[in-house]
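Have a look at the structure below before the remarks.
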Amino acid sequence: MEIRTRFAPSPTGYMHIGNLRTALYEYLIAKSQNGKFILRIEDTDQERFVEGATEIIYNTLNMTGLKHDEGPDIGGEYGPYIQSQRMGMYMDYAKELIKKGHAYYCFCTKERLDTLKSSNEKGDAFSKYDRHCLTLSQEEIQKNLDAGMPFVIRQKMPTEGTTTFHDVVYGDITVENAELDDQILMKADGFPTYNFANVVDDHFMKITHVVRGSEYLSSTPKYNLLYDAFDWEAPVYVHLPAVMRDAHNKLSKRHGDKSFEDLINEGYLPEAVVNYIALLGWSPSDNKEIFSLKELEQCFNISGLSKSPSIFDIKKLTWLNGEYIKNMDAESFYILAENRLKNAIKNTTLDLKKIAVLLQKRLETLNDIPRLVDFFDALPEYSTDLYIHKKMKTTEEIALSSLKAALPVLENITDWTENNIHDALMSLVQTLGIKNGQLLWPVRTALSGEPTSPGGAMELADILGKEESLKRIKIGIEKLQNTLS
RNA sequence: GGCCCGUUGGUCAAGCGGUCAAGACGCGGCCCUCUCACGGCUGAAACAAGGGUUCGAUUCCCUUACGGGUCACCA
């Protein structure tokens, strides 16, 4: 049998990391077994409608490569794939359930339910619907219906025995039927509740594996009873532990946790995010950590899913993102970095590709770029303290004499290449009989004006060009002379 | 509160009766080196507690503690 999973997000206007991970696992469960991954938009809550929200869902799936096989935008055999367009069918199925004795009309007012609840509130008493309307006679029901009295339809739970369902990650779970509330299937406005719509939709879309957050674990017995009542085959359940911000709280946009779009804007790569969240709650059979989506499709296995919640660790994501950047070929990296480089460096004579090469091994996110390359554009103000470096065995005096010695040597270079700069400086080191660092550290410092820089003296000199390099060295000499006089 | 679920280093996690309890991130140290970064090596760091079962428990069972979920005409 073909595996079919579905991703069923509500269009909220952003892609929550927890939801994205659910989508990923749904995709992988399907694709690891040549199955189909379906997108269904759950937009029944019209009040929460957000403009452009469905586009964000499409974009995210697109960027991450979680390509769906059926969905509102591409169609499919089991549409429509937008829940609001399926509204016609639910009432019929609810009525079928009534006929079969698994559901019943309820005319109780909101007020009555509220007092019912508040009278039970104070203690351990479990507040359940009291089945006031279960005993209504056929005549009474018809009379109420004819009078146009608002009604809901409730699922009639068994009062005895237990219900057991199997979950792939949590195992067999059994509950007392007496614990189950007669949940509402159809609301007074004629719309189905989520609980009901899901069962009906999943059934008709032939979903074989229902994959969702563990918050649905406790309502799953009710779903199962619904499948039984219809005499439909229940799906395989895969409940996923939550993705947490810390030990006590789930990740939530409301509390400032980043959405997928936020991460992308902060310079994270979609591939790295996907890779990272795959590892949050799942682990492969070996120790591999870097996976392309294709590789995940190959080796994903449900048995690697874990039961306990995991905390989202931005540091590890950041590390992984750095790995992706480092492992890229130079051209791809340049394409990725180009815009940020151009924004950070106004001087158009500089060779951005050379700068990109220096950057690639030094970035964790793309947003690190501006602060690393600022000095190329303009030499920052700096203190001559920078020239003092214990390990390089430099003092301000040594720095001054090194810079003075370097100046004519560099001026003499006619063909300004990194090789020639290298040879000239290294032979100067020989002539002066000093350590490499005693010459190169001062030069690097003069060229960058920073305590650290991507690249050393020779690389920076090459990129800055002869004229600018000499200018900066002269500035360094001047500063040092001022300090020392 | 009832019910359900969970608990291995700070974090992600392997483990599925016998291990010196992997690996990764982060943190510390060393090496490489013209700074930073990369790379290499290395160190500290964990089975929530108590009872069983067993020749032997991180692993199986029970209890406790702590944490999470759920108890809507929301999804």
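So that the names make sense, note that chain A is the first sequence line, chain B the second, and so on, each numbered from 1.
In this model, the phosphate group of rC34(B) is not approached by any side-chain N or O of Lys391(A) to a distance below 4.0 Å at OP1 or OP2. Here Trp319(A) reaches the OP1 or OP2 of rC25(B): one of its side-chain N or O atoms lies under 4.0 Å away.
Using a 4.0 Å cut-off between charged side-chain N and carboxylate O, Lys222(A) and Glu179(A) make no salt bridge. One finds no salt bridge joining Arg371(A) and Asp374(A) here, because no Lys/Arg side-chain nitrogen approaches an Asp/Glu carboxylate oxygen to under 4.0 Å. A salt bridge links Lys288(A) to Glu295(A): at least one charged side-chain nitrogen sits closer than 4.0 Å to a carboxylate oxygen.
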Assess the residue pair Asn275(A) and Tyr324(A) against the criterion (side chain to side chain donor-acceptor pair (under 3.5 Å)); give the C-alpha distance rounded to whole Å, side-chain angles, the decisive distance to 0.1 Å, and a yes or no.
CA-CA 10 Å; Asn275(A) 191 155; Tyr324(A) 271 83; 2.6 Å; yes
Show, in sequence, the C-alpha distance, side-chain angles and deciding distance for Ser303(A) and Asn301(A), and conclude whether the side chain to side chain donor-acceptor pair (under 3.5 Å) test is met.
CA-CA 5 Å; Ser303(A) 67; Asn301(A) 192 301; 2.9 Å; yes
Apply side-chain contact (heavy atoms from CB on, under 4.5 Å) to the pair Leu460(A) and Phe376(A), showing each step before the final yes or no.
CA-CA 9 Å; Leu460(A) 298 188; Phe376(A) 279 114; 3.8 Å; yes
Output one letter per nucleotide in nucleotides 39-46 of chain B: B when a protein non-hydrogen atom lies under 4.0 Å from the base, S when only the sugar-phosphate is that close, - when neither is.
--------
Where protein sits on nucleotides 8-17 of chain B, one letter per nucleotide: B base, S sugar-phosphate only, - none, heavy atoms under 4.0 Å
---SBSS---
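Legend: side-chain hydrogen bond (donor to acceptor under 3.5 Å, both in side chains) pairs involving residues 149-171 of chain A, not counting sequence neighbours, sorted by first then second residue: Gln155(A)-Gln183(A), Thr163(A)-Asn177(A), Thr164(A)-Thr174(A), His166(A)-Asp172(A), Asp167(A)-His239(A).
Asn195(A) places its CG atom 10 Å from the C1' atom of rA72(B), with the value rounded to the nearest Å. Taking atom CD of Glu179(A) as the reference point, atom C1' of rG69(B) lies 15 Å away to the nearest angstrom. Between Arg6(A) atom CZ and rA75(B) atom C1' there is a gap of 11 Å when expressed in whole angstrom units. Spacing between atom CG of Leu180(A) and atom P of rC71(B) amounts to 12 Å, rounded to whole angstrom units. Regarding Lys393(A), its NZ atom lies at a distance of 14 Å from the C1' atom of rC34(B), rounded to whole Å. Straight-line distance from the CG atom of Leu358(A) to the P atom of rC38(B): 15 Å, rounded to whole Å. Rounded to whole Å, atom C1' of rA75(B) lies 13 Å from atom NE2 of His16(A). If you take NZ of Lys307(A) and P of rC5(B), they are 11 Å apart, rounded to a whole angstrom.
Nucleic acid contact for Met186(A): none, since no nucleic acid atom lies under 4.0 Å from a heavy atom of the residue. Within 4.0 Å (heavy atoms only), Cys106(A) reaches no atom of the nucleic acid at all.
A donor-acceptor pair shorter than 3.5 Å cannot be found between the side chains of Asn420(A) and Asp423(A).
Within residues 236-251 of chain A, the residues approached by RNA chain B to less than 4.0 Å at the level of any non-hydrogen atom are Ala247(A), His248(A), in residue-number order.
Listed by chain and residue number, Lys391(A), Met392(A), Thr394(A), Trp441(A) satisfy the side-chain contact (heavy atoms from CB on, under 4.5 Å) test with His389(A) (two or more places apart in sequence, or in another chain).
In RNA chain B, stems built from 3 or more consecutive Watson-Crick or G-U wobble pairs, each with both distances under 3.5 Å, span B:1-7 with B:65-71, B:10-12 with B:23-25, B:27-31 with B:39-43, B:48-52 with B:60-64.
Taking atom C1' in both rU54(B) and rC71(B), one finds a spacing of 41 Å when rounded to whole Å. Of the P atoms belonging to rU8(B) and rU42(B), the separation is 27 Å, rounded to the nearest Å.
Side chain Tyr216(A) to base rA75(B): a donor-acceptor pair is found below 3.5 Å. Interface remark: the Lys222(A) side chain does not form any donor-acceptor pair with the rU70(B) base, using a distance-only criterion of under 3.5 Å. Evaluation of atom-type donor-acceptor distances gives a pair under 3.5 Å for the side chain of Arg362(A) against the base of rC36(B).
Paired with Asp202(A) under the rule salt bridge (Lys or Arg N to Asp or Glu O under 4.0 Å), one option of Arg86(A), Arg6(A), Arg212(A) passes, and it is Arg6(A). Across Val443(A), Leu440(A), Val429(A), Ile434(A), a single residue satisfies side-chain contact (heavy atoms from CB on, under 4.5 Å) together with Ser402(A), and that is Ile434(A).
Between Phe291(A) and Trp282(A), the ring-plane angle classifies as perpendicular under the 30° and 60° cut-offs.
Ring centroids of Phe165(A) and Tyr227(A) are separated by 6.0 Å or more, keeping the two rings apart.
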